[in-house]
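The structure appears below as structure tokens.
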Amino acid sequence: MLSPTSGRLLSSFAALVFAAGLPALASAQTLERIQSAGKIVLGFEANASPFSYADDAGQPNGFAIALCGKVVDEVKAQLGLSDLGVEWKPVQFDTRLDAVRDGAIDLLCGADSITLTRRAEVSFSLPVFPSGTGAMMRADAPAALREILSQDQLTARPIWRGAPARTFLQQKTFAVLPGTVSEGWVKERMLTLQLSSKLLPVNSVDEGIQNVLDGQADVFFGPLPVLLDAALRNAQVGSLAVLNRQFTFEPLGFALARNDEDFRLLVDRALSKTYRSDGFRDLFMRWFGPPDGDLVLFYKQTVLPD
């Protein structure tokens, strides 16, 4: 039989255990929260085209937004809420994962690289696009710079100390978005190749492009599909060049709360159904044009069987 003191200690211990489990319990109730509120809250970045952006009317648009629409349809069907409300909440790049982790949004309809570091904060859906680090420069950049980057001399092997390519790269400035896989990759390459080149953090894709145009940066490293889209939309598109290669492979996915397998299953089911559907090709082509063989294979391998 427990003494009064032991009983109080056990009760206090149980209370602590229960309190410690509350965040996990709360994050595992996304569908219940959606059903109770009668709406789903979707986060998006307003300047991450072609994946998510605010159109001329201020409404969310883009490839990721369209896919999230399919997730909303799946939520409606599973919960039996044909009149489910949808609230689109703009998020900032540097706090977007905080919004997911803190429950401010139910799903981040963007295109974030699925990394182990980020998975310590949030969970991820099935991949929605096979991205990777690309390189943008001025169209009139030195031919040697384009050749060095095109011939794998910054990616696969070290450059010997006295090599002309290494000497050439020492004088360059590389623009990157802080906190991205591209930044980490450039830093690692600079360390491996013992480059004393300058790393220039930028706050947005548009700022990175402007730095290239102004000559403040020789190369802007960032997600290849985002660089291609931004270059095409820029008024000075003829002055920009994006290399036709990826330096890394970074599958992109939707971020959602950890410890919520029911909601994650619903999201992955919606994406799998969409990838298998006859209309997916047309949806994809709205932002990227006809998919090549590698892209078709990527989505075939991404789909989960029923």
Side-chain angles (χ1 to χ4, degrees), residues 23-24 26-55 57-76 78-79 81 84-115 117-129 131 177-181 203-206 222-223 225-226 229 250-271 274 283 287:
S27 67
Q29 297 177 339
T30 303
L31 289 174
E32 290 88 342
R33 185 170 65 246
I34 291 172
Q35 187 164 40
S36 176
K39 70 175 181 178
I40 183 171
V41 183
L42 304 174
F44 77 105
E45 290 181 66
N47 56 355
S49 181
F51 298 104
S52 68
Y53 58 92
D55 61 21
Q59 298 301 308
N61 206 336
F63 180 65
I65 303 302
L67 289 180
C68 270
K70 303 299 183 181
V71 173
V72 171
D73 291 341
E74 189 71 22
V75 172
K76 289 179 178 179
Q78 181 163 321
L79 298 182
L81 296 174
L84 178 70
V86 179
E87 178 183 345
W88 291 97
K89 180 176 291 189
V91 295
Q92 299 301 313
F93 176 79
D94 56 349
T95 58
R96 67 200 188 287
L97 297 185
D98 294 336
V100 175
R101 188 183 62 244
D102 298 341
I105 58 176
D106 298 314
L107 185 66
L108 178 57
C109 300
D112 282 285
S113 300
I114 303 172
T115 68
T117 300
R118 288 174 180 166
R119 282 182 58 188
E121 297 184 62
V122 298
S123 187
F124 283 96
S125 69
L126 290 176
V128 299
F129 195 86
S131 184
L177 288 164
T180 62
V181 174
N203 295 317
S204 67
V205 172
D206 290 339
V226 174
D229 181 82
E250 304 166 29
L252 309 179
F254 295 155
L256 60 151
R258 298 185 70 196
N259 305 314
D260 195 344
E261 288 305 305
D262 287 341
F263 186 53
R264 183 182 178 188
L265 174 62
L266 183 148
V267 173
D268 288 348
R269 181 184 293 118
L271 292 175
T274 302
L283 186 154
W287 290 278

Which atom of [X] lies closest to which atom of [Y], heavy atoms considered:
X	Y	value
Gly62	Tyr53	CA-CE2, 3.5 Å
Asn61	Ile65	O-CG1, 3.2 Å
Arg264	Phe124	NE-O, 3.0 Å
Glu74	Ala270	CB-CB, 3.8 Å
Leu266	Leu31	CD1-CD2, 3.9 Å
Val91	Ala99	CG1-CB, 4.2 Å

Test item: [X] side-chain N/O and [Y] main-chain N/O as donor-acceptor pair under 3.5 Å:
X	Y	answer
Arg258	Ala120	yes
Asp55	Ala57	yes
Thr115	Arg118	yes

Non-hydrogen side-chain atoms of [X] and [Y] separated by less than 4.5 Å:
X	Y	result
Leu84	Leu79	no
Val75	Ile34	yes
Ser113	Leu252	yes
Ile114	Arg119	yes
Pro225	Trp287	no

Distance (rounded to the nearest 0.5 Å) between [X] [atom1] and [Y] [atom2]:
X	Y	atom1	atom2	answer
Thr30	Glu261	OG1	CD	11.0 Å
Asp112	Arg96	CG	CZ	4.0 Å
Ser125	Leu265	OG	CG	12.5 Å
Leu81	Gln35	CG	CD	5.5 Å

Check your understanding: Step by step, would you call Thr180 with Phe93 a side-chain contact (heavy atoms from CB on, under 4.5 Å)?
Key -> CA-CA 10 Å; Thr180 62; Phe93 176 79; 3.6 Å; yes

In a table with atom names and distances, give each donor-acceptor pair under 3.5 Å that connects a side chain of residues 38-52 to protein atoms at least two apart or in another chain.
residue : atom : partner : partner atom : Å
Lys39   : NZ   : Glu87   : OE1          : 2.6
Ser49   : OG   : Asp229  : OD2          : 2.6
Ser52   : OG   : Glu45   : O            : 2.7

**Study point:** Matching residue for Phe254 among Asp268, Val100, Leu107 - test: side-chain contact (heavy atoms from CB on, under 4.5 Å)
**Key:** Leu107

Practice item. Using a cut-off of 6.0 Å, state whether more than 12 heavy atoms not belonging to Glu121 lie near its atom CD. Key: yes

